[in-house]
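Below is one structure, written out as structure tokens; comments come after it.
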Amino acid sequence: MPSRYPAPEGSRTILVWDLFVRIFHWSLALSVFTAFFFTEAGEKPHEIAGYLALGLVCARVIWGITGTRYTRFSQFVPGPKALLAYLAAMAKRRETRFIGHNPAGAIMVLALLAAVLAASISGWMLTTETYFGEAWVEVLHKTVSNALMSLVGLHVGGVLYTSWRHAENLVRAMITGRKPS
């Protein structure tokens, strides 16, 4: 349920992101960063990180259908009109505060999940006999992986902006699961 104004400091909190989503979030971040920054393509640790990311995304999709209130896609994914209205309000610095994901954050969640899925699948394809060494699959994997890192940067920027705009620590909320109500 959206609220026009931030909750006052010290006010009551509500559990927004359950334990599954918090573990998923930080595990996905760790696996993506491991695959991108700390391993070499084709090495076993890179493959393991990619497979972990793929498994995590699949589990999150299931949880997005069956999970708790604020984790279900049906609760937070906006339609085009709602997204455009939110972005217009944001441009005027009059955006509504949301307890769960705001419409821009919701679209970012979907974009990140899709990018991780595409990077993982294209990476897996490179391990198969059929696609090993195929230039177009290598280009796809690199392109999607780089796009994913750009999305991560936008995600972090959006979290920092929203935390500042609504005077709430969204990083802490993704650790504790709780936000001011």
Side-chain angles (χ1 to χ4, degrees), residues 16-65 67-68 70-71 73 76-77 83 87 90 98 100-166 168-179:
V16 177
W17 292 299
D18 61 38
L19 185 60
F20 172 85
V21 166
R22 289 178 281 145
I23 290 171
F24 157 79
H25 178 271
W26 296 112
S27 297
L28 185 64
L30 181 62
S31 65
V32 166
F33 274 86
T34 297
F36 195 83
F37 291 112
F38 302 115
T39 62
E40 292 293 323
E43 291 181 348
K44 204 56 157 171
H46 184 86
E47 287 182 32
I48 291 169
Y51 289 134
L52 177 60
L54 177 61
L56 286 165
V57 168
C58 291
R60 180 61 180 96
V61 168
I62 292 167
W63 197 243
I65 297 166
T68 57
Y70 292 105
T71 64
F73 299 130
F76 71 83
V77 175
L83 175 62
L87 293 174
M90 214 175 134
F98 284 73
H101 290 95
N102 65 49
I107 296 305
M108 180 56 74
V109 168
L110 297 179
L112 286 165
L113 291 174
V116 171
L117 190 62
S120 300
I121 290 172
S122 61
W124 165 77
M125 289 171 67
L126 289 169
T127 69
T128 67
E129 221 175 275
T130 305
Y131 296 104
F132 180 78
E134 284 288 330
W136 73 269
V137 181
E138 290 177 9
V139 169
L140 174 65
H141 185 65
K142 277 189 179 184
T143 302
V144 171
S145 298
N146 288 330
L148 173 58
M149 287 298 107
S150 296
L151 289 172
V152 167
L154 288 172
H155 171 62
V156 170
V159 166
L160 294 174
Y161 173 79
T162 303
S163 292
W164 170 75
R165 274 292 288 143
H166 298 292
E168 60 187 348
N169 187 334
L170 292 178
V171 174
R172 180 176 51 220
M174 190 47 79
I175 293 169
T176 66
R178 303 189 77 79
K179 287 179 68 177

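Position 1 is the first residue of the sequence; numbering continues from there.
The aromatic rings of H101 and F76 sit tilted, their planes meeting at an angle between 30° and 60°. Relative ring orientation between W136 and Y131 is described as perpendicular, the plane-to-plane angle rising above 60° on a 0-90° scale split at 30° and 60°. Ring geometry for F33 versus F37: interplanar angle under 30°, hence parallel rather than tilted (30 to 60°).
Within the model, atoms CG of L19 and OG1 of T176 stand 11.5 Å from one another, a figure rounded to the nearest 0.5 Å. Atom CZ of F73 and atom CG of L110 lie 6.5 Å apart (nearest 0.5 Å). L30 contributes atom CG, which lies 9.0 Å from atom CZ of F38 (distance to the nearest 0.5 angstrom). To the nearest 0.5 angstrom, R165 atom CZ is 13.0 Å from L170 atom CG. Atom CG of L117 and atom SG of C58 lie 6.5 Å apart (nearest 0.5 Å). Interatomic distance, I175 CD1 to N169 CG, rounded to the nearest 0.5 Å: 7.5 Å.
Between the side chain of R22 and the backbone N or O of M174, no donor-acceptor pair lies under 3.5 Å. Looking at S163, its side chain does come within 3.5 Å of a backbone N or O of E168 through a donor-acceptor pair. Between the side chain of S122 and the main chain of A119, a donor-acceptor pair closer than 3.5 Å is present.
More than 12 heavy atoms of other residues, nucleotides or ligands sit less than 6.0 Å from atom CZ of F36. Counting heavy-atom neighbours within 6.0 Å of F132 CZ, excluding the residue itself, gives a total of 12 or less. By the neighbour-count criterion of 12 heavy atoms within 6.0 Å, atom CH2 of W63 is densely surrounded, having more than that number from other residues, nucleotides or ligands.
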- Message: Determine whether H155 and V159 satisfy the following criterion, side-chain contact (heavy atoms from CB on, under 4.5 Å), listing intermediate values before the conclusion.
- Response: CA-CA 6 Å; H155 171 62; V159 166; 3.8 Å; yes

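Contact check for K179 versus W17: side-chain heavy atoms found under the 4.5 Å cut-off. Residues L56 and S31 are in side-chain contact: their nearest non-hydrogen atoms beyond the backbone lie under 4.5 Å apart.
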